[in-house]
Amino acid sequence: MKKMVLSLLVHNEAGVTSRIAGLFTRRGYNMDSITGGVTQNPMISRITVVVHGDDNILEQVTKQLAKLEDVVEIEELQPEGSVCRELILVRVAVNEIQRPEVIAVANIFRANVVDVAKDSLMIELTGDKSKLDAFLQLLTGYEILGIARTGITGLSRGAFSNQG
C-alpha cells in the first residue's frame, strides 16, 4: 500500500467537495484526509486529498478525479518536490505544576500556546505527520481534552508549479 497526496485545482462552486467525496464513496476508495480552500483566484479552490492503495487503485483515483468537470488540474505532490503540512490543535488539562511542563514540550516543537485557562492549555502545532505524532506521544502522560487535526495540505516547490 502506497500513500498518494493529490493537489486538485477545482472550480470554486457549491457542491464540489461533495462531488469529490462522492466519487470516493461510489468507487469504494478511502480518503485519509481532504482539505480545501480558495486560492488567490476566487473562482478556483485547491483541494488536497490523501489516499492509500495499491498502484491500480491510485491510478484509478487519479483517472476518476480527472473525469469530474469541476476539476481543472490534478498534481501528485511528491515528497521531494513539495511541502506538505498539517495543523493540530490540542487542549490539555493542566494544573499549576503541569502547566510549565506542557509549555516546555510545546516550545521544543515550536508550537504556540493559543489559549490559556485556569485548568487547561490549547496548543497549536504545524508540521508533518511524524512531528505531530511525536508531539502527541510526549503528551500521553497528560489528560487530552480535545484534538482537532486539519489533514494534510501542500504545494509543489518552485515558482512555476500549479496555477493556484
Side-chain angles (χ1 to χ4, degrees), residues 1-10 12 16-17 20-21 23-24 29-40 44-55 57-59 61-62 65 71 73-164:
M1 295 289 237
K2 292 179 5 183
K3 176 176 90 168
M4 182 170 62
V5 179
L6 295 174
S7 179
L8 312 174
L9 292 178
V10 299
N12 187 16
V16 162
T17 306
I20 290 170
L23 180 147
F24 279 78
Y29 304 140
N30 187 35
M31 281 186 282
D32 294 339
S33 71
I34 183 169
T35 61
V38 70
T39 64
Q40 76 277 12
I44 301 290
S45 288
R46 179 180 306 280
I47 296 178
T48 306
V49 178
V50 181
V51 62
H52 274 85
D54 61 27
D55 289 337
I57 288 174
L58 298 178
E59 180 182 349
V61 166
T62 304
L65 287 169
V71 175
E73 185 177 325
I74 301 173
E75 180 180 15
E76 182 178 354
L77 298 179
Q78 300 289 342
E80 63 281 353
S82 63
V83 175
C84 293
R85 296 289 184 264
E86 185 176 358
L87 169 75
I88 189 170
L89 293 173
V90 183
R91 192 172 58 243
V92 183
V94 293
N95 58 34
E96 290 178 9
I97 295 169
Q98 294 170 321
R99 185 181 317 277
E101 296 170 1
V102 173
I103 291 172
V105 171
N107 288 338
I108 290 169
F109 284 85
R110 295 188 186 132
N112 297 312
V113 175
V114 294
D115 184 60
V116 178
K118 180 180 174 186
D119 56 357
S120 69
L121 291 172
M122 186 180 304
I123 301 164
E124 169 191 77
L125 177 62
T126 304
D128 62 23
K129 182 182 182 331
S130 63
K131 179 179 179 179
L132 302 185
D133 290 344
F135 176 69
L136 289 175
Q137 187 66 35
L138 287 178
L139 293 180
T140 55
Y142 303 95
E143 182 183 1
I144 307 262
L145 300 172
I147 296 176
R149 289 180 90 145
T150 61
I152 293 172
T153 192
L155 285 174
S156 293
R157 294 180 185 274
F160 301 104
S161 39
N162 247 349
Q163 60 184 323

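Note that the structure is predicted; figures quoted are calculated from it, not measured.
- Judged by distance alone, with hydrogens and angles left aside, the side-chain atoms of Thr39 form a donor-acceptor pair with the main-chain N or O of Ile44 at under 3.5 Å.
- At a threshold of 4.5 Å between non-hydrogen side-chain atoms, the residues Ile152 and Lys3 count as touching.
- Listed here is the closest heavy atom pair of Ser7 and Arg46: OG-NH1, 2.6 Å.
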List the steps and the verdict of side-chain contact (heavy atoms from CB on, under 4.5 Å) for Val61 and Leu6. CA-CA 10 Å; Val61 166; Leu6 295 174; 4.0 Å; yes
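- Taking each heavy atom of Val94 and Gln98 in turn, the nearest pair found is CA-OE1, 3.4 Å.
- Residues Phe109 and Ile123 are not in side-chain contact: their nearest non-hydrogen atoms beyond the backbone lie 4.5 Å or more apart.
- Taking 4.5 Å as the limit, some side-chain heavy atom of Val90 sits within range of a side-chain heavy atom of Leu136.
- Contact check for Val116 versus Arg99: side-chain heavy atoms found under the 4.5 Å cut-off.
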Step-by-step side-chain hydrogen bond (donor to acceptor under 3.5 Å, both in side chains) determination, Glu76 to Thr62: CA-CA 9 Å; Glu76 182 178 354; Thr62 304; over 6 Å; no
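- Side chains of Leu77 and Cys84 form a contact here, defined as non-hydrogen atoms less than 4.5 Å apart.
- Between Lys129 and Arg149 there is a side-chain heavy-atom pair separated by less than 4.5 Å.
- Interatomic distance, CG of Leu23 versus OH of Tyr29, reported as 7.5 Å (0.5 Å rounding).
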Worked check of side-chain contact (heavy atoms from CB on, under 4.5 Å) between Val10 and Ile20: CA-CA 10 Å; Val10 299; Ile20 290 170; 4.1 Å; yes
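- Looking at Val5 and Ser82, their side chains never come closer than 4.5 Å, going by heavy atoms from C-beta outward.
- A donor-acceptor distance shorter than 3.5 angstrom exists from the side chain of Thr150 to the backbone of Leu87, with no hydrogens or angles considered.
- Within 6.0 Å of NZ in Lys131 there are more than 12 heavy atoms belonging to other residues, nucleotides or ligands.
- To the nearest 0.5 Å, atom CD of residue Glu101 and atom CG of residue Leu139 are 11.0 Å apart.
- Atom CG of Leu132 is separated from atom CD of Glu86 by 5.0 Å, given to the nearest 0.5 angstrom.
- Counting only distance, with no hydrogens or angles, the side chain of Asn112 and the backbone of Val114 share no donor-acceptor pair below 3.5 Å.
- In this structure the side chain of Ile74 reaches within 4.5 angstrom of the side chain of Leu8, judged on heavy atoms.
- Here CE of Met31 is found 14.0 Å from NE2 of His52. Values are rounded to the nearest 0.5 Å.
- The minimum heavy-atom distance between Met1 and Asp54, with the atom names listed, is SD-N, 3.8 Å.
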Test log, rule side-chain contact (heavy atoms from CB on, under 4.5 Å), inputs Val102 and Val105: CA-CA 5 Å; Val102 173; Val105 171; 5.6 Å; no
Please evaluate residues Val49 and Ile34 with respect to the criterion side-chain contact (heavy atoms from CB on, under 4.5 Å), reporting the C-alpha separation (whole Å), side-chain torsions for both, the decisive distance (0.1 Å), and the verdict. CA-CA 5 Å; Val49 178; Ile34 183 169; 4.1 Å; yes
